[in-house]
> 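One structure is given below, represented as structure tokens, and several questions about it will come after.
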There are 2 protein chains.
Amino acid sequence: MTKPPTRIQLRNRTAILDAGLDVFSKYGFRGSTLDQIAQAAGLSKPNLLYYFPSKEAIHTALLERLLENWLAPLQALDPKGDPVREIVDYARRKLTLSQNYPRESRLFANEILQGAPRIYDTLRTDLKTMVDGKAAIIKGWAQAGQIADIDPHHLIFSIWALTQHYADFDVQVRAVLGDKPPYDGAAVFLDTLYEKLLRP
Amino acid sequence: MTKPPTRIQLRNRTAILDAGLDVFSKYGFRGSTLDQIAQAAGLSKPNLLYYFPSKEAIHTALLERLLENWLAPLQALDPKGDPVREIVDYARRKLTLSQNYPRESRLFANEILQGAPRIYDTLRTDLKTMVDGKAAIIKGWAQAGQIADIDPHHLIFSIWALTQHYADFDVQVRAVLGDKPPYDGAAVFLDTLYEKLLRP
DNA sequence: CGTTGATTTGACCAGTTGGTCAAACCAAGA
DNA sequence: TCTTGGTTTGACCAACTGGTCAAATCAACG
């Protein structure tokens, strides 16, 4: 019989996760310290460890929450929908995700850069299964002549790469663009790109 | 009157830089330790610091060497060449770079993810200047009707994103593809993509 | 108000970190 | 062979790391 979390527990747990996301997404697991996270959360270090048993536990909690939301937009790709529209919409959803949750994107990027030590298994099983499934759908569309004949796996990679780039390389993108805000132009560009690429 | 480096100096300096590249590209600056680098280089920690004054110095040396090679392939984009071919060739060069120097790509990615603390200035000045210049060339091609009318900045970003993805997210790409090697398919995909995108 | 359980913290610990230094070692030319 | 200057290392240090713990504080309910 587990007790329901108190108001304070709820507030502090979310504050810690938010602070952890800030720090981990910037410096990766090894490069982040509990002191940094504690300070960002406005708590003392021992107080952090009252809510989470270890640094690892905070990181794991963040990654788990991330993976759920990360796989969702691809899941929504509908085999019964209009092919080009389905793919363009997926790219749009991913771009919106980059815009609204850049820290999550960077947390994921950090994890992958370091060799995905904590989520490699999920990638190899859950992610691969889902991607293979969606790739088969896209392949079907291509064979039916509804879209151009391109490699569906690399198509999916391209959506990941193009959209996450705006979150992960945000600093560089803004440094090059100067004052111009990135996301309006990016959305137009992506729309055009996938229209042209996919139309048979 | 600086003395020329001895044979031993040359060997150890390159060994250290190579080891540093290994470690920094995986864990970022803060997440990497001198002990790790020393061990990877086959040297003792004090011996490392005989050749480089600090951890920072190793990292800086790597970043400087990187930036030279990083900006080169875009520099080679020739205003007098055939537009579509010039851009496709640039994408190819970048993809080859990802394939042959994935650690360099990841070192760069780590630096950007962390907010580019050490190279932000270079990005804002040198990189921006060069990108703006090349963007103007591409814009010119578009206005002359030689290629389709797309935003040149985002076109360049797309080449960066698509090619570096294969180096930076290597683990994920391979986890999803299984046994299939990534780069053959990637090359074909990129060729098709930019052909279709750019043809007027 | 008093009590009880949740919350917070200062003091502390052992291991790791980047970095120093004097002493030892070694290669090669005289 | 001896000398000299480049090279290597063990011992060491102060600061920081993740984590512990007992004691203090707080919130809320009867």
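Chain letters run A, B, ... following the sequence lines, proteins first and then strands; every chain starts at 1. Both backbone and side-chain heavy atoms feed into the values below; hydrogens, waters and symmetry mates do not.
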> For B/Arg7 and A/Arg7, find the nucleotide of DNA chain C closest to each by heavy atoms; which residue's nucleotide sits nearer the 5' end?
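Of the two residues, A/Arg7 wins.
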> Between residues 11-27 of chain B and DNA chain D, which residues have a heavy-atom gap below 4.0 Å?
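Contacting residues: B/Asn12.
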> Test A/Asp89 against A/Arg93 for salt bridge (charged side-chain N to carboxylate O under 4.0 Å, His left out), laying out the working first.
CA-CA 6 Å; A/Asp89 276 1; A/Arg93 282 198 297 278; 5.1 Å; no
> What's the closest nucleotide to the B/Tyr50 side chain, out of D/dT8, C/dT7, C/dG19?
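Output: D/dT8.
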> Is it true that B/Asp22 and B/Lys26 have a side-chain N and a carboxylate O under 4.0 angstrom from each other?
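No, this pair does not count.
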> Is it the case that atom CD in A/Gln99 sees more than 12 heavy atoms from other parts of the structure closer than 6.0 Å?
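Counting neighbours around CD of A/Gln99, more than 12 heavy atoms of other residues, nucleotides or ligands fall under 6.0 Å, so yes.
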> Flag the pair B/Arg103 and B/Asp18 as a salt bridge only when some basic side-chain nitrogen lies within less than 4.0 angstrom of an acidic carboxylate oxygen.
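The answer is yes: the pair qualifies as a salt bridge.
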> Could you tell me the separation between the NZ atom of B/Lys55 and the P atom of D/dC16, rounded to a whole number of Å?
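One finds 14 Å between P of D/dC16 and NZ of B/Lys55, rounded.
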> Given C/dT8, D/dT7, D/dG19, which nucleotide is nearest the side-chain atoms of A/Ile8?
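Nearest listed nucleotide: C/dT8.
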> Remember a base hit wins even if backbone is also touched, and classify A/Phe52 as base, sugar-phosphate or nothing at under 4.0 Å, heavy atoms.
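No contact at all - A/Phe52 keeps every heavy atom at 4.0 Å or more from the nucleic acid.
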> Between A/Phe29 and A/Arg118, is there a cation-pi geometry (under 6.0 Å to ring centre, at most 45° from the normal)?
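The answer is yes, since A/Arg118 meets both limits relative to A/Phe29.
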> Hey, does the side chain of B/Gln9 come within less than 4.0 Å of D/dG6's phosphate (OP1/OP2), counting only N and O?
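No, no such contact exists.
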> Going by number, which of residues 28-49 of chain B have a non-hydrogen atom under 4.0 Å from DNA chain D?
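Heavy-atom cutoff 4.0 Å gives B/Arg30, B/Ser44, B/Pro46, B/Asn47.
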> Ion pair present between A/Arg92 and A/Asp191, side-chain N to carboxylate O less than 4.0 angstrom?
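Salt bridge between A/Arg92 and A/Asp191, a charged N being under 4.0 Å from a carboxylate O: yes.
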> Establish, for the pair B/Arg13 and B/Tyr51, whether the NZ or CZ atom is under 6.0 angstrom from the six-membered ring centre and no further than 45 degrees off its axis.
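B/Arg13 over B/Tyr51 ring: no.
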> Suppose we call two aromatic rings close when their centres sit under 6.0 Å apart. Are B/Tyr166 and A/His154 close by that rule?
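They qualify: ring centres under 6.0 Å apart.
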